[in-house]
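Worth knowing before you read on, the calculation uses all heavy atoms, side chains too, and leaves out hydrogens, waters and symmetry mates. Everything numeric in this text was worked out from a predicted model, so none of it was measured.
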Amino acid sequence: MKDRKIIGVIGAMEEEVSRLKEQMTDVEVRTKASMDFYCGKLQGKEVVVVRSGIGKVNAGICTQILVDEYGICAIINTGIAGSLRAEIDIGDIVLSTDALQHDVEASAFGYPPGQIPRMDTFSFEADARLRETAKVACQRVNPDIHVHEGRIVSGDQFISDKEKKQWITANFDGYCTEMEGAAIAQTAYLNQIPFLIIRAISDKADDSAHEDYPAFEAKAITHCVNLTGAILQDYIV
């Protein structure tokens with residue numbers, strides 16, 4: 001497998017990946033670390049589609065398995081997130097320029113918030129070619145929404161409080177917040193694998209997460225699924 005050009009596609013929840021799995025052909029399923037890895041073809045590309053589960057530890061473990069067991073050449077992480085900026089509307093897509101973990105705190109040792117001690121980078125930069133492919137593809141398959149490019153911030157917290165969102169924005173200049181992307185980004189960085197985090201926005205940059213989330217989750221997932229398929233179709237491995 002490690003001589004083949006295989007793209008890893010990671011989602012955090014079953015709702016995010018089930019529709020992708022339905023479109024796959026020649027599927028083989030393997031289970032490792034309580035995760036089901038669906039290996040097959042999607043949009044003419046060899047892929048492994050997997051639900052990582054929620055949170056940074058699950059996401060990091062999932063990514064490393066994709067690297068070790070499948071020798072992936074790129075990673076696409078698809079999912080939903082909460083907006084950190086007023087101009088980003090529900091249903092819009094954010095493509096990662098980079099990612100970091102907002103809940104890392106080692107200031108007692110002289111590090112700024114978000115800096116992982118003894119890492120040689122503050123944030124993890126996404127692949128520019130993947131992002132440009134996604135930007136063009138999203139304008140084609142999701143013409144009813146806007147595409148934004150910016151920093152995605154992650155932590156093992158569901159952020160619904162307006163003041164907490166404002167603190168994250170002030171400290172990290174993020175575009176959206178979620179619970180997996182930066183762990184996938186860090187794992188990809190350490191393994192020198194190009195990655196892109198895609199986030200469809202399910203709630204606004206205020207304290208309305210609980211009110212908006214159930215109503216708009218399905219719409220956000222649809223945009224993510226449309227975009228992921230289009231990237232796979234257009235991306236040259």
Side-chain angles (χ1 to χ4, degrees), residues 5-12 16-17 20 45 47-50 52 56 58-60 62-64 66-67 72-85 88 92-104 114-116 119-139 141-142 145-155 168-169 171-201 220 223-237:
K5 299 293 186 180
I6 302 174
I7 299 173
V9 180
I10 303 174
E16 298 172 43
V17 300
L20 290 173
K45 299 294 193 304
V47 300
V48 180
V49 175
V50 57
S52 68
K56 293 189 297 180
N58 283 329
C62 182
T63 306
Q64 193 61 51
L66 286 172
V67 173
I72 55 169
C73 65
I75 300 170
I76 299 170
N77 175 219
T78 178
I80 54 181
S83 172
L84 292 173
R85 297 188 176 222
I88 304 177
D92 281 357
I93 291 284
V94 175
L95 307 174
S96 62
T97 55
D98 62 339
L100 59 78
Q101 299 172 49
H102 66 74
D103 57 354
V104 171
Q115 174 71 54
I116 300 171
M119 288 290 294
D120 60 0
T121 183
F122 177 66
S123 66
F124 305 101
E125 187 174 346
D127 184 71
R129 189 164 67 90
L130 267 172
R131 188 171 67 252
E132 182 61 26
T133 300
K135 180 180 178 181
V136 174
C138 195
Q139 292 167 347
V141 299
N142 293 319
I145 61 172
H146 298 100
V147 185
H148 307 267
E149 299 174 80
R151 173 174 290 168
I152 292 177
V153 294
S154 308
I168 292 173
T169 301
N171 281 275
F172 306 113
D173 196 29
Y175 276 55
C176 63
T177 180
E178 40 79 272
M179 299 177 67
E180 295 81 31
I184 292 168
Q186 181 179 346
T187 309
Y189 173 83
L190 291 170
N191 287 279
Q192 300 181 321
I193 302 291
F195 76 89
L196 180 68
I197 304 165
I198 300 166
R199 288 294 178 266
I201 299 304
H223 288 142
C224 254
V225 168
N226 289 345
L227 177 54
T228 302
I231 294 171
L232 291 170
Q233 190 175 42
D234 296 349
Y235 184 65
I236 300 173
V237 296

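- The heavy-atom pair separating Ala188 from Thr63 by the smallest distance is N-CG2, 4.4 Å.
- With values rounded to the nearest 0.5 angstrom, Ile116 atom CD1 is found 9.0 Å from Thr121 atom OG1.
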Practice item. Quick one: do Ile236 and Arg129 satisfy side-chain contact (heavy atoms from CB on, under 4.5 Å)? Show the steps, please. Key: CA-CA 10 Å; Ile236 300 173; Arg129 189 164 67 90; 4.1 Å; yes
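- Remark: Ile193 CD1 to Ile75 CD1 distance equals 6.5 Å, nearest 0.5 Å.
- Panel note: side chain Asp127, backbone Leu130; a donor-acceptor pair is recorded below 3.5 Å.
- Of the possible donor and acceptor atoms, none in the side chain of Gln139 sits under 3.5 Å from a partner among the backbone N and O of His146.
- Nearest heavy atoms, Ile201 versus Ser83: CG2-CB, 3.7 Å.
- Residues passing the side-chain hydrogen bond (donor to acceptor under 3.5 Å, both in side chains) test with Lys45, sequence neighbours excluded: none.
- With contacts defined as side-chain heavy-atom distances shorter than 4.5 Å, the pair Ile197/Ile184 does not qualify.
- Within the 4.5 Å cutoff, no side-chain heavy atoms of Leu20 are placed close to those of Val47.
- Side-chain contact check for Gln101 versus Gln186: some heavy-atom pair is nearer than 4.5 Å.
- Put simply, the side chain of Ser96 does not reach to within 4.5 Å of the side chain of Phe124, judged on heavy atoms.
- Scanning all heavy atoms of the two residues, the minimum distance from Gly60 to Ala183 falls at N-CB, 4.2 Å.
- The two residues Ala230 and Ala137 come nearest to each other via the heavy atoms CB-CB, 3.7 Å.
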Check your understanding: Would Cys73 and Ile6 satisfy side-chain contact (heavy atoms from CB on, under 4.5 Å), going step by step from the backbone distance to the final call?
Key -> CA-CA 6 Å; Cys73 65; Ile6 302 174; 5.8 Å; no
Practice item. Determine, stepwise, if the pair Arg85 / His148 fulfils side-chain contact (heavy atoms from CB on, under 4.5 Å). Key: CA-CA 11 Å; Arg85 297 188 176 222; His148 307 267; over 6 Å; no
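- One distance of note links CZ of Arg151 with CG of Asp173; it measures 6.5 Å at 0.5 Å rounding.
- With rounding to the nearest 0.5 Å, the separation of CD1 in Ile145 from CD1 in Ile93 is 4.5 Å.
- The side chain to side chain donor-acceptor pair (under 3.5 Å) test with Arg199 singles out one residue from Thr78, Asp92, Thr177, Asn77, and that residue is Asn77.
- With values rounded to the nearest 0.5 angstrom, Asp103 atom CG is found 9.0 Å from Met179 atom CE.
- A donor-acceptor contact shorter than 3.5 Å is absent between the side chain of Asn226 and the backbone of Asn142.
- For the pair Leu227 and Val147, the minimum side-chain heavy-atom distance is 4.5 Å or more.
- By the 4.5 Å heavy-atom criterion applied to side chains, Thr97 and Ser123 are not counted as neighbours.
- Across all their heavy atoms, Leu100 and Phe172 have their closest contact at CD1-CD2, 3.7 Å.
- Here the straight-line distance linking atom CG of Leu196 with atom CD1 of Ile231 works out to 5.5 Å at 0.5 Å rounding.
- The two atoms that bring Gly174 and Val153 nearest to each other are CA-CG1, 4.4 Å, heavy atoms only.
- Asn191 places a side-chain N or O within 3.5 Å of a backbone atom of Thr187 that can act as its donor or acceptor partner.
- When the side-chain hydrogen bond (donor to acceptor under 3.5 Å, both in side chains) test is applied to Glu149, the partners found at least two apart in sequence or on another chain are Arg131, Lys135.
- In this structure the side chain of Val67 reaches within 4.5 angstrom of the side chain of Ile72, judged on heavy atoms.
- For Asp120 and Tyr189, the side-chain atoms include at least one donor-acceptor pair closer than 3.5 Å.
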Review point. Given the rule in the side-chain contact (heavy atoms from CB on, under 4.5 Å) test, do Asp234 and Val136 qualify, once you have shown the distances and angles that lead to the verdict?
Key: CA-CA 9 Å; Asp234 296 349; Val136 174; 5.6 Å; no
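- Using a 4.5 Å heavy-atom threshold, the side chains of Cys224 and Ile80 count as separate.
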